[in-house]
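Computed from a predicted structure; not experimentally measured. The figures that follow rest on heavy atoms only: side chains count, while hydrogens, waters and symmetry mates do not.
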Amino acid sequence: MRLALLLLAPVCILAQGMGSGKPPVIAKPAGRTASPPPFTFRELGGLTAKHQYGDGSSRYILSMTGNGVAILDFNNDGLPDLLFNDGRAPVLYRGQGAAKFVDATASSGFAAHPWGQGVCAGDIDNDGWTDVLLTYYGPSRLYRNNRGKFENIPFPASGNRFSTSCAFLDYDRDGLLDLIISNYVAFDLATAQKPGATKYCTWEGIEVFCGPRGFPTDRPQLFHNDGNGRFTDVSAQSLKGINGLHYGLGVAVADFNDDAWPDIYIACDSTPGLLLRNNKDGSFTDVAVEAGAAYGADGEELGSMGVAAVDIDGDGKLDIVKSNFINEAPSVYRNLGDWFFVDITQESGAGADTSAVGWGLGVIDLDLDTRPDFVIANGHIYPELGPKYKQPKSVYWNRGARFSVGRPGPAHSSRGLAVGDLDGDGSQEIVIAHRNAPPSLLKVDGPKGKGFALRLEGTKSNRGAIGARVTAGRQVKEVSSGGSYASQSDLALHFAGDALQVEIRWPNGDTEKLGALPAGAMYLVKEGAGVVGRQPWR
């Protein structure tokens with residue numbers, strides 16, 4: 001099924017509809033010629049498991065979150081696989097090539113457990129096999145990859161923490177991947193109040209589940225990798241200056257000040273966002289308020305869920321984009337350097353539509369023009385709203401640091417979102433997890449062959465090169481775990497253009513120049529050895 005794209009002009013003028021598979025007609029703003037986007041979306045299907053959130057009810061805030069998705073190659077066959085952290089048990093799809101998948105959950109080694117939330121992936125022991133952390137309401141579970149089968153290993157997470165998103169990072173640059181976990185509200189299922197019990201349990205006159213306001217807040221947790229699969233919770237000393245007044249959801253790790261040390265941004269619901277500056281001594285400091293990245297443009301607390309670090313304007317600095325609650329546009333914070341951000345949501349055109357509840361957020365260059373676009377998975381949180389509960393996704397087409405906004409259907413109540421090239425043709429697909437429905441697998445039909453991709457392998461740095469920064473022409477991207485909402489995209493970096501000069505700064509700070517790389521292939525790059533493999537687009 002081909003999905004129609006309806007766009008809003010960057011100055012909020014409503015677009016006209018379009019027929020299936022045809023480019024949309026955008027209403028022309030005064031003094032400016034609008035052109036249709038050169039891409040459409042097509043549902044590929046093939047992901048058949050119906051995902052469930054917990055017990056499927058809407059009595060508790062637990063039913064609102066959950067269902068992240070990760071793109072990874074768990075069996076090292078060179079084909080991307082998909083892992084969903086479902087509300088009842090993880091679901092693993094093994095890739096067969098050409099964006100086709102088979103359910104491999106039964107032989108995966110993952111154990112059933114209720115209230116699944118997020119997923120992130122990384123090679124914790126540098127053995128070449130991708131390991132996985134799954135977050136839950138309850139202790140998070142760490143799975144080591146034993147040559148294609150996962151085994152649950154001890155992890156120092158305790159109690160009934162309501163953990164949501166997670167990300168691997170090497171915050172101390174010792175070559176081993178550490179972990180950051182975002183925690184939402186202090187919640188006890190045994191004592192939770194029912195819909196309508198207090199003022200925090202209604203919405204627009206409807207009795208709904210309680211929260212998040214009315215629940216105590218929680219703090220993020222940082223875990224140091226001690227080697228041999230062992231982790232230590234170092235939150236008390238490493239995050240000691242961070243107050244606990246946050247409802248943490250999405251996590252993005254990036255080097256925001258370009259000093260070769262990874263920093264952290266946590267999107268928070270109904271509380272200020274967290275921007276954690278790496279102090280290079282094992283500790284972090286929250287600088288979000290003074291940096292201008294904690295609140296909305298008018299100083300308001302936002303209902304933020306998903307987050308991405310992306311250079312939207314090609315100036316070499318990583319900006320911050322967040323998805324937010326209904327009646328709030330997604331936030332776009334432009335990075336001006338020296339730990340100063342400015343909210344350009346309205347100026348950028350991203351504020352054209354406030355009618356969605358945004359969750360997973362994926363960065364993707366839809367038209368291969370070197371300017372990053374982004375897609376947000378939407379879905380309301382209250383099934384009591386009936387037809388308004390399901391919402392189509394949002395597409396933000398970057399036309400030069402200004403966005404045209406589209407809402408291609410169909411509508412779902414969506415949560416996690418991940419991006420990756422699932423069929424090897426050079427263009428990236430989009431995977432979206434839905435509440436109580438099979439996932440969507442979306443093909444982007446648009447320009448092809450106008451770029452290249454890099455998959456990095458560390459030697460002195462961590463094996464997956466998480467934290468590496470790549471500059472190709474004016475495009476700057478980092479290999480990142482986590483991001484989006486409770487999800488993780490493929491670690492390969494995609495660039496538009498041909499014969500661009502490429503420079504890599506590895507996670508340990510060393511730099512390496514590759515020279516000009518021709519378009520039309522995925523390149524495997526090993527730290528210190530340059531390009532060691534090339535796979536042409538099919």
Side-chain angles (χ1 to χ4, degrees), residues 42-49 68-86 90-110 119-123 126-132 134 143-150 168 362 364 416-433 438-445 448-449 451-458 463-466 479-481 484 487-495 520-526 531-538:
R42 175 164 44 99
E43 174 65 66
L44 295 179
L47 306 180
T48 57
V69 56
I71 299 175
L72 70 163
D73 181 5
F74 81 93
N75 56 356
N76 283 355
D77 64 355
L79 300 173
D81 311 300
L82 305 176
L83 175 62
F84 294 85
N85 191 5
D86 193 60
V91 177
L92 178 67
Y93 288 96
R94 185 179 71 247
Q96 298 181 297
K100 297 186 182 301
F101 298 87
V102 60
D103 193 325
T105 308
S107 60
S108 67
F110 290 115
V119 54
C120 55
D123 187 350
N126 293 324
D127 66 350
W129 295 84
T130 301
D131 311 296
V132 168
L134 300 175
Y143 285 87
R144 182 156 48 194
N145 189 339
N146 186 9
R147 304 185 67 81
K149 185 165 185 175
F150 291 92
F168 286 94
I364 178 173
L417 181 151
V419 173
D421 183 1
L422 303 180
D423 57 8
D425 70 348
S427 66
Q428 295 172 286
E429 282 69 53
I430 301 169
V431 184
I432 304 178
S440 289
L441 174 54
L442 299 178
K443 178 71 180 175
V444 179
D445 288 325
K448 290 182 172 58
F452 60 91
L454 302 178
R455 191 173 296 281
L456 307 186
E457 182 179 319
R463 184 74 171 262
I466 289 173
V479 180
S480 300
S481 171
S484 184
S487 298
Q488 179 168 316
S489 294
D490 185 36
L491 295 183
L493 300 179
H494 286 249
F495 297 91
M522 167 83 75
Y523 296 92
L524 175 62
V525 182
K526 185 174 289 189
V531 175
V532 297
R534 179 180 182 274
Q535 179 63 49
W537 303 137
R538 70 169 184 84

With under 30° as parallel and over 60° as perpendicular, where do the rings of F110 and Y143 fit, or are they tilted in between? perpendicular
Can you say whether the rings of F84 and Y93 are parallel (under 30°), tilted (30 to 60°) or perpendicular (over 60°)? perpendicular
Side chain proximity check, [X] to [Y], heavy atoms < 4.5 angstrom:
X	Y	result
E429	D421	yes
I71	P80	yes
L82	F101	yes
T130	D73	no

Nearest 0.5 angstrom please: [X] [atom1] to [Y] [atom2], how far?
X	Y	atom1	atom2	answer
L134	D86	CG	CG	11.0 Å
Q488	L83	CD	CG	10.0 Å
L417	I364	CG	CD1	9.0 Å
D127	W129	CG	CH2	8.5 Å
E43	L441	CD	CG	6.5 Å
L44	L422	CG	CG	8.5 Å

Okay, side chain of [X], backbone of [Y]: is any donor-acceptor separation there less than 3.5 Å?
X	Y	value
E457	G464	no
D123	R463	no
S487	G416	no
D81	L92	no
N85	G68	no
N146	K149	no
T105	V91	no

By salt bridge (charged side-chain N to carboxylate O under 4.0 Å, His left out), which residues pair with [X], not counting sequence neighbours?
X	answer
R94	none
D423	K443, R538
K448	none

According to ring-ring contact (aromatic ring centres under 6.0 Å, His included), who are the partners of F452, at least two apart in sequence or on a separate chain?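 So F452 forms a ring-ring contact (aromatic ring centres under 6.0 Å, His included) with F495.
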One pair to check against side-chain contact (heavy atoms from CB on, under 4.5 Å): L493 and V479. What are the steps and the verdict? CA-CA 7 Å; L493 300 179; V479 180; 3.8 Å; yes
Which of these passes side chain to side chain contact (heavy atoms under 4.5 Å, CB included) with S489: V419, L72, V431?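 With S489 as partner, V419, L72, V431 yield a single side chain to side chain contact (heavy atoms under 4.5 Å, CB included), made by V419.
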How would you list, by chain and number, every residue that makes a side-chain hydrogen bond (donor to acceptor under 3.5 Å, both in side chains) with R455, sequence neighbours excluded?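 Residues passing side-chain hydrogen bond (donor to acceptor under 3.5 Å, both in side chains) with R455: D490.
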All side-chain hydrogen bond (donor to acceptor under 3.5 Å, both in side chains) counterparts of N75, not counting sequence neighbours: D77
Do you know which two heavy atoms are closest between [X] and [Y], and how far apart they sit?
X	Y	answer
A121	S481	O-OG, 3.6 Å
H494	G426	ND1-O, 3.6 Å
W537	A453	CH2-CB, 3.7 Å
P536	A521	CA-CB, 3.9 Å

Kindly indicate, with the supporting measurements, whether the criterion side-chain contact (heavy atoms from CB on, under 4.5 Å) is fulfilled by D131 and F168. CA-CA 10 Å; D131 311 296; F168 286 94; 5.5 Å; no
